[in-house]
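Remarks on the structure that follows.
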Amino acid sequence: MLTGAGLCALLVSLHQAGRRGLKYLTALLALPFIAYAVTTPAGSGVGERFLTVLTAVGAAVAAGTGLARSARDTALVNSAAEQAIADTLLEHAARGERARIARELHDVVAHHISMIAVQAETARLTTPGLPAVGAERFLAIGDTARTALTEMRRLLGVLREDAGGSAPDRRPQPGLEQLGELVDEARDASAAAVRLIVEGPVRPLDPGLELTAYRIVQEALTNTRRHAPGAAVDVELRYTRDALRLRVRDNGPSPHTAKGLDAGHGLVGMRERAAMVGGELRAGPARRGGFLIEATFPAPVREHAS
C-alpha cells in the first residue's frame, strides 16, 4: 500500500528526474503507475480505484512538469549563447569596418596634410622679399604638418598591419566621379538594370564624404547581388545647397533582402561610415516593394569671397 509520504516522494523524484532531462528514466518510473491505473479490475472498490487514478495522474503531471522545465531551461541557455555569439560577431564586424574606415580616411587626410607641408615649404623658398619672421612661420607650419603626419601614421600602423602582410594599395581613394564605373561593373556582373540618376548641380565635395558615399553605394550593390540577384537597382544622387542625398533602391523581394542584410553585417558598415562624416542612414523595405537605403550627408555650398 502506497502511503502519503511515499506518494509525495515518488512525485518529487519524478519531477526532479524530468527536470534533469532524464527522459527515459522519468518515463520508466511513471509508466507502471499509469499502466496499473488503466488495468485496474472493474470490481475494485471506488476508493482504491480513485487512489490508483490519482497516483497515475500525479505521476504523469510531475514527470511532465519536470520535462517541460528542463526543456525551457535548455532553450533559455541556448538562446543566451546564440545572442552572445551574435553580439560578438556584430562587434567584430563593427571593429573591422571602423578599421577599414580609419585606413581610408587616413589616406585622404594624409594627402591634405602632405599638401600643407609642401605648400608651406614652397612658399618659404619662392616668396620674394619674405621677412625672416614669415619664413620662420612657414617653416613651423611645414614642421607641424610633417609631425602630425608622422604621428597619424604611427597611430594607424596597427591597422595597416591588420590588413595583411602584402603592401598596402596606394591607388587614389575613389569618389563620386567613379560611381559611373561602379554602376557599369554592377550591371555587367548581375546582368540586371542598374541606373545612376543625378539631380542638382554637381560640385566637388569633401574627399572623405565622397569616399563614404562611394563605399555605401558599393556595399548596397553588393548586398543586392547577394540577396536579390537579378533585381533592378536605381542609384540616385541629389545635390542640394546644404546636403548630399543618396538613395539606393532595388525591386527585389523585400523580406528576403531585409533578412539578408540583418543576417550579414552590411548595414553596420554603412551606418558607421555615415556617422563618421556626420551623416544619417536609414534602411528598410520600400513602399512599392524592394529594399531602400537612404543617406543624407551635410554638404553646404561654400561661399567664395569676391
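Small disclaimer: the values here were computed from a predicted structure and weren't measured.
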If you take all heavy atoms of [X] and [Y], which pair is closest and at what distance?
X: G208; Y: V277; value: O-CG1, 4.0 Å
X: A120; Y: G142; value: CB-N, 3.9 Å
X: M270; Y: A220; value: CE-N, 3.5 Å
X: A123; Y: L130; value: O-CD2, 4.2 Å
X: A145; Y: I113; value: O-CG2, 3.1 Å
X: G252; Y: A231; value: N-CB, 3.7 Å

Pairwise side-chain contact, [X] with [Y], heavy-atom cut-off 4.5 Å (strictly under):
X: L221; Y: V235; result: yes
X: L244; Y: L176; result: yes
X: R146; Y: D143; result: yes
X: T212; Y: F297; result: yes
X: P298; Y: D242; result: no
X: Y239; Y: V198; result: yes
X: I216; Y: L281; result: yes

Would L209 end up clustered with L196 when hydrophobic side chains under 4.5 Å apart are linked, directly or stepwise? yes

Can you measure from [atom1] ([X]) to [atom2] ([Y]) and round to the nearest 0.5 angstrom?
X: F291; Y: T224; atom1: CZ; atom2: OG1; answer: 9.0 Å
X: R287; Y: L292; atom1: CZ; atom2: CG; answer: 10.0 Å
X: F138; Y: L125; atom1: CZ; atom2: CG; answer: 10.5 Å
X: Q218; Y: E185; atom1: CD; atom2: CD; answer: 8.5 Å
X: L139; Y: R124; atom1: CG; atom2: CZ; answer: 5.0 Å

Salt bridge flag under 4.0 Å for residues D234 and R195: yes

Would you say [X]'s side chain and [Y]'s backbone share a donor-acceptor pair under 3.5 angstrom?
X: N251; Y: A232; result: yes
X: E181; Y: Q178; result: no
X: R249; Y: G289; result: yes
X: E236; Y: R247; result: no
X: E294; Y: R282; result: no
X: R245; Y: R238; result: no

Counting heavy atoms not belonging to R137, are there more than 12 under 6.0 Å from its CZ? no

